[in-house]
Amino acid sequence: MFKFLLLFFLLLSTTSSLAQKMVQRIDDAKKLQLNQKQFIGKPLNALLSQIVLEIKYVYGTPDNRSSGAVGGTYLKLFFVDRNEVIKEYNKNEDPTGITVRFQLEPNNNRKPIPVGGINITKGELLKEYGDMIVQSVYVSGQN
């Protein structure tokens, strides 16, 4: 009986912790935009903690060196790798992407992302850019 109760509570805690994550499927990505107030003014790692799926490809201007960085910097995150993004664009389809804009940092020495973006893991993203402060969240694409 004790083993059964232990298994039941373990299963219950596992499913409840998963239920707390906002994005468990690609279709859930729009929830980030709908609930963006929850992330504004907080570091990127707070937003990424709500995503169960793996981030595979990123492009953007996390550094202040871009001419478009006047109002802030941004990253666009994808759940597919660069080759798949290019393949989708070539078919005139738009893979789901999460654009996160950040506050401009006066002494920004962030590692720039090469033109064309990079394949990256969520762990690498957190390590390099996780402390950047979110200004807005926008989700685009069909899947």
Side-chain angles (χ1 to χ4, degrees), residues 3 5-143:
K3 287 182 183 179
L5 286 174
L6 182 64
L7 181 62
F8 174 75
F9 285 115
L10 181 63
L11 183 61
L12 183 64
S13 68
T14 303
T15 45
S16 67
S17 68
L18 284 177
Q20 294 174 354
K21 303 288 183 181
M22 218 175 275
V23 181
Q24 295 183 28
R25 301 181 340 255
I26 293 176
D27 294 340
D28 295 335
K30 281 285 188 191
K31 292 178 183 177
L32 294 172
Q33 183 176 335
L34 294 172
N35 295 290
Q36 73 174 314
K37 287 182 183 178
Q38 178 178 332
F39 306 110
I40 294 174
K42 294 186 179 163
L44 176 63
N45 59 18
L47 184 140
L48 292 177
S49 72
Q50 292 298 313
I51 302 173
V52 174
L53 303 171
E54 187 61 40
I55 304 295
K56 296 182 181 178
Y57 172 65
V58 175
Y59 72 79
T61 58
D63 56 316
N64 289 354
R65 295 177 211 112
S66 164
S67 61
V70 175
T73 56
Y74 80 97
L75 291 174
K76 186 156 184 179
L77 318 171
F78 293 93
F79 300 115
V80 293
D81 66 20
R82 182 176 192 266
N83 292 334
E84 188 63 32
V85 169
I86 291 170
K87 195 184 304 181
E88 293 293 316
Y89 283 150
N90 288 339
K91 294 190 297 186
N92 289 325
E93 295 179 9
D94 192 13
T96 297
I98 303 164
T99 302
V100 184
R101 293 208 167 272
F102 302 99
Q103 294 175 356
L104 202 56
E105 300 171 321
N107 299 317
N108 182 323
N109 58 357
R110 303 275 176 192
K111 182 178 177 182
I113 292 180
V115 174
I118 55 172
N119 289 326
I120 193 168
T121 66
K122 194 184 321 185
E124 293 168 322
L125 195 61
L126 281 169
K127 182 178 176 186
E128 191 67 41
Y129 309 108
D131 63 335
M132 293 180 75
I133 304 301
V134 173
Q135 189 174 37
S136 68
V137 180
Y138 175 74
V139 178
S140 61
Q142 295 91 18
N143 282 3

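Along the sequence shown, residues carry numbers from 1.
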Do [X] and [Y] come within less than 4.5 Å of each other through their side chains, counting heavy atoms only?
| X | Y | answer |
| --- | --- | --- |
| Lys76 | Ser140 | yes |
| Val134 | Pro43 | no |
| Ile133 | Phe102 | no |
| Gln50 | Val23 | no |
| Leu125 | Leu75 | yes |
| Leu32 | Ile51 | yes |

In Å, rounded to the nearest 0.5 Å, how long is the span from [atom1] of [X] to [atom2] of [Y]?
| X | Y | atom1 | atom2 | result |
| --- | --- | --- | --- | --- |
| Tyr57 | Leu77 | OH | CG | 11.5 Å |
| Lys127 | Thr121 | NZ | OG1 | 10.0 Å |
| Lys111 | Glu124 | NZ | CD | 8.0 Å |
| Leu47 | Met132 | CG | CE | 13.0 Å |
| Leu44 | Tyr129 | CG | OH | 11.0 Å |
| Leu48 | Ile55 | CG | CD1 | 6.0 Å |

Write down the atom of [X], the atom of [Y], and the distance for their closest heavy-atom approach.
| X | Y | value |
| --- | --- | --- |
| Val80 | Pro95 | CG2-CB, 4.4 Å |
| Asp131 | Arg110 | OD1-NH1, 2.7 Å |
| Thr61 | Thr73 | O-CB, 2.8 Å |
| Glu54 | Lys122 | OE2-N, 2.8 Å |
| Gln36 | Val137 | OE1-N, 2.8 Å |
| Tyr89 | Asp94 | CE2-OD1, 3.3 Å |

Does a side-chain N-to-carboxylate-O contact under 4.0 Å join [X] and [Y]?
| X | Y | result |
| --- | --- | --- |
| Glu84 | Lys56 | no |
| Glu88 | Lys91 | yes |
| Asp81 | Lys87 | no |

Item to check | Verdict with supporting geometry, Phe79 and Ile98, side chain to side chain contact (heavy atoms under 4.5 Å, CB included) | outcome: CA-CA 9 Å; Phe79 300 115; Ile98 303 164; 3.7 Å; yes
Next on the checklist: Here's one to test your reading of the geometry: is the NZ or CZ of Lys30 within 45 degrees of the ring axis of Tyr138 and under 6.0 Å from its centre?
Outcome noted: yes
Checklist entry - Counting distance only, does the side-chain N/O of Arg82 pair as donor-acceptor with the main-chain N or O of Gly116 below 3.5 Å? => result yes
